[in-house]
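Presented below is the structure to which this report refers.
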Amino acid sequence: MKFYLEITLLASVDVGLYFLWKKVYQQIHVAFVKLQNNDKKIPIGVAFPEYNKEKSYLGNKLRLFAEDSVLLESLNIKQHLNSLTDYVHITNIREVPQGRIKHYACFKRIQPKSSLARIARRKSKREAISFEQSLQALGNFQEQTTILPYIQIKSSSTGEDFYLFIDCVFQDENKGFYSSYGLSSVHTVPIF
C-alpha cells in the first residue's frame, strides 16, 4: 500500500467514542460498498493504529490504505462523513512513509458463535429444516465469547445491527483485496 488518509474521531463529553465509531464506520462501509467489484471485494484496506487487543480498544484513529491515490480520491470520504464534520478530522491523502513502517498487519473480522437461537435459525434456513430440528442437531453447541474490540454497525444488506469484532494479526506483507468493511484475514496494511 502506497497511499493513505487518516480519520481521527473527536469524542466529547456529549458524544462518546463508540457512538462515533458506529456513525463513522457505517458511512465508510457505505462508501466501500459503492466501490465493490463483482466478487464484493475492494482495493482499500483499513488499519487502526491505536489498536490494543488486551484492552479491547480500537483507539480514535482509522487509516484507509490503497495502492493508488486515485482510489482514495474516488472514495470521496469527506462527502460521506459530511454530517460528522464536527466530530472527525480527515487528513489529505498522503504517501505511506516507507522508512517508518514497523510491520504489516491483517485487521480481520471475527464472528464468534455466541447465540444458539441465531445459529439454529441460520441452520434451519440453510438446510431447509425446522427450527426445532436445528436446535436438536446443535445439542452440544458451546457458545463462544470474545473480548476483541468491536464496532456496532448496521448491515447494508440485511439492515440488522451487529457487532463487528476486529482482530489484528502481524504477518509479512501481502497485498490484495479487502471486504466491504476494509478487513481481510490474509491481506495486510502497513503499521507505522
Side-chain angles (χ1 to χ4, degrees), residues 1-9 18 20-51 53 58-85 87-98 101-112 148-192:
M1 298 292 192
K2 295 179 182 168
F3 295 91
Y4 77 103
L5 64 81
E6 185 171 272
I7 300 167
T8 303
L9 283 65
Y18 286 101
L20 282 178
W21 271 120
K22 178 179 181 176
K23 297 299 183 186
V24 167
Y25 218 79
Q26 185 68 49
Q27 291 305 311
I28 289 169
H29 173 56
V30 168
F32 284 171
V33 166
K34 290 180 181 179
L35 281 183
Q36 288 182 125
N37 64 18
N38 291 339
D39 296 331
K40 297 195 175 203
K41 299 290 184 183
I42 61 163
I44 298 174
V46 301
F48 301 87
E50 297 173 339
Y51 182 94
K53 189 183 299 190
L58 287 173
N60 72 333
K61 293 186 184 300
L62 176 70
R63 290 183 181 148
L64 309 181
F65 290 93
E67 281 294 313
D68 186 344
S69 63
V70 174
L71 284 168
L72 289 173
E73 288 172 18
S74 67
L75 192 61
N76 204 4
I77 204 66
K78 287 183 181 182
Q79 181 181 355
H80 283 279
L81 297 177
N82 192 36
S83 64
L84 299 166
T85 55
Y87 306 104
V88 297
H89 175 264
I90 305 168
T91 66
N92 292 323
I93 296 169
R94 304 172 177 170
E95 284 190 50
V96 170
Q98 296 298 323
I101 295 174
K102 296 177 187 173
H103 40 259
Y104 292 88
C106 285
F107 286 93
K108 61 184 182 176
R109 180 179 180 184
I110 300 294
Q111 294 178 273
L148 289 172
Y150 65 88
I151 300 170
Q152 186 177 355
I153 194 165
K154 184 178 293 238
S155 170
S156 62
S157 58
T158 67
E160 294 182 21
D161 281 340
F162 66 94
Y163 293 115
L164 180 68
F165 290 99
I166 301 169
D167 195 6
C168 176
V169 178
F170 298 117
Q171 64 183 50
D172 293 335
E173 182 180 18
N174 185 6
K175 298 177 184 178
F177 289 90
Y178 304 83
S179 73
S180 62
Y181 298 105
L183 306 171
S184 174
S185 59
V186 294
H187 299 119
T188 61
V189 291
I191 304 297
F192 53 90

- Item | More than 12 heavy atoms from other groups under 6.0 Å of CG on D161 | yes
- Query: Between the main-chain N or O of Y178 and the side-chain N or O of H187, is there a donor-acceptor pair closer than 3.5 Å?
  - Reply: no
- Message: Within this structure, what is the OG-NZ distance for the pair S180 and K34, rounded to the nearest 0.5 Å?
- Response: 13.5 Å
- Rounded to the nearest 0.5 Å, what separation is found between the CD atom of E95 and the CE atom of M1? 15.0 Å
- List the steps and the verdict of side chain to side chain contact (heavy atoms under 4.5 Å, CB included) for I153 and K22. CA-CA 6 Å; I153 194 165; K22 178 179 181 176; 5.8 Å; no
- Task: For T188 and N174, indicate whether the former's side chain and the latter's backbone hold a donor-acceptor pair under 3.5 Å.
- Result: yes
- Query: Quick check: does any side chain N or O of W21 sit under 3.5 Å from a backbone N or O of G59, one acting as donor and the other as acceptor?
  - Reply: yes
- Are F48 and C168 close enough that some pair of their side-chain heavy atoms sits under 4.5 Å apart? no
- Message: Ring centres under 6.0 Å, that's the criterion: do F107 and Y181 meet it?
- Response: no
- Answer yes or no: is there a side-chain heavy-atom contact under 4.5 Å between L5 and R63? no
- Message: If you count heavy atoms of other groups shown closer than 6.0 angstrom to NE2 of H103, is the number above 12?
- Response: yes
- Please report the closest heavy-atom contact between F170 and A105, naming both atoms and the distance. CD2-CB, 3.7 Å
- Spell out, as yes or no, whether a donor-acceptor pair under 3.5 Å connects the side chain of H80 to the backbone of V30. no
- Sequence-distant partners of Q36, side-chain hydrogen bond (donor to acceptor under 3.5 Å, both in side chains), two or more places apart: none
- Message: I want to check something: taking the side chain as every heavy atom from C-beta on, are I101 and I191 in contact at a cut-off of under 4.5 Å?
- Response: no
- Could you check Y18 against L58 for side chain to side chain contact (heavy atoms under 4.5 Å, CB included), going step by step and ending with a plain yes or no? CA-CA 9 Å; Y18 286 101; L58 287 173; 5.7 Å; no
- Query: Hey, are the side chains of H89 and I7 touching, using non-hydrogen atoms and a 4.5 Å cut-off?
  - Reply: no
- Message: Just so I know, are the side chains of L9 and L84 near enough to count as touching, which here means a heavy-atom distance under 4.5 Å?
- Response: no
- Determine whether the aromatic ring centres of F3 and F65 lie less than 6.0 Å apart. no
- Item | Q152 CD to Y163 OH distance, which is reported to the nearest 0.5 Å | 4.5 Å
- Task: Could you tell me which non-hydrogen atom of L81 sits nearest to which non-hydrogen atom of Q27, and how far apart they are?
- Result: CD2-CB, 3.6 Å
- Query: About how many Å separate CD of E6 and CD1 of I93, when rounded to the nearest 0.5 Å?
  - Reply: 13.5 Å
- Message: Run the side-chain hydrogen bond (donor to acceptor under 3.5 Å, both in side chains) test against D167 and tell me which residues pass, sequence neighbours left out.
- Response: K53
- Query: Should I77 and I90 count as side-chain neighbours, where that means a heavy-atom distance under 4.5 Å?
  - Reply: yes
- Query: Does atom OH of Y87 have more than 12 heavy-atom neighbours from other groups under 6.0 Å away?
  - Reply: no
- Query: What do the steps show when you test L35 against S74 for side chain to side chain contact (heavy atoms under 4.5 Å, CB included), and what is the final call?
  - Reply: CA-CA 9 Å; L35 281 183; S74 67; 4.0 Å; yes
- Task: Please step through side chain to side chain contact (heavy atoms under 4.5 Å, CB included) for the pair N60 and L20, ending with a clear verdict.
- Result: CA-CA 9 Å; N60 72 333; L20 282 178; over 6 Å; no
- Message: Just verifying a value: how many Å separate I110 CD1 and F165 CZ, rounded to the nearest 0.5 Å?
- Response: 10.5 Å
- Message: Which residues pass the side chain to side chain contact (heavy atoms under 4.5 Å, CB included) test with D39, not counting sequence neighbours?
- Response: N37, K41
- Donor-acceptor contact below 3.5 Å, side chain Q171 vs main chain V186: yes
- Item | Interatomic spacing from CG in D172 to SG in C106 - rounded to 0.5 Å | 10.0 Å
- Task: Just do the side chain to side chain donor-acceptor pair (under 3.5 Å) check on N82 and Q79 with the steps written out, would you?
- Result: CA-CA 5 Å; N82 192 36; Q79 181 181 355; over 6 Å; no
- Salt bridge between K175 and E67, side-chain N to carboxylate O under 4.0 Å? yes
- L72 and L64, any side-chain heavy atoms less than 4.5 Å apart: yes
- Between R94 and Y4, is any pair of side-chain heavy atoms under 4.5 Å apart? yes
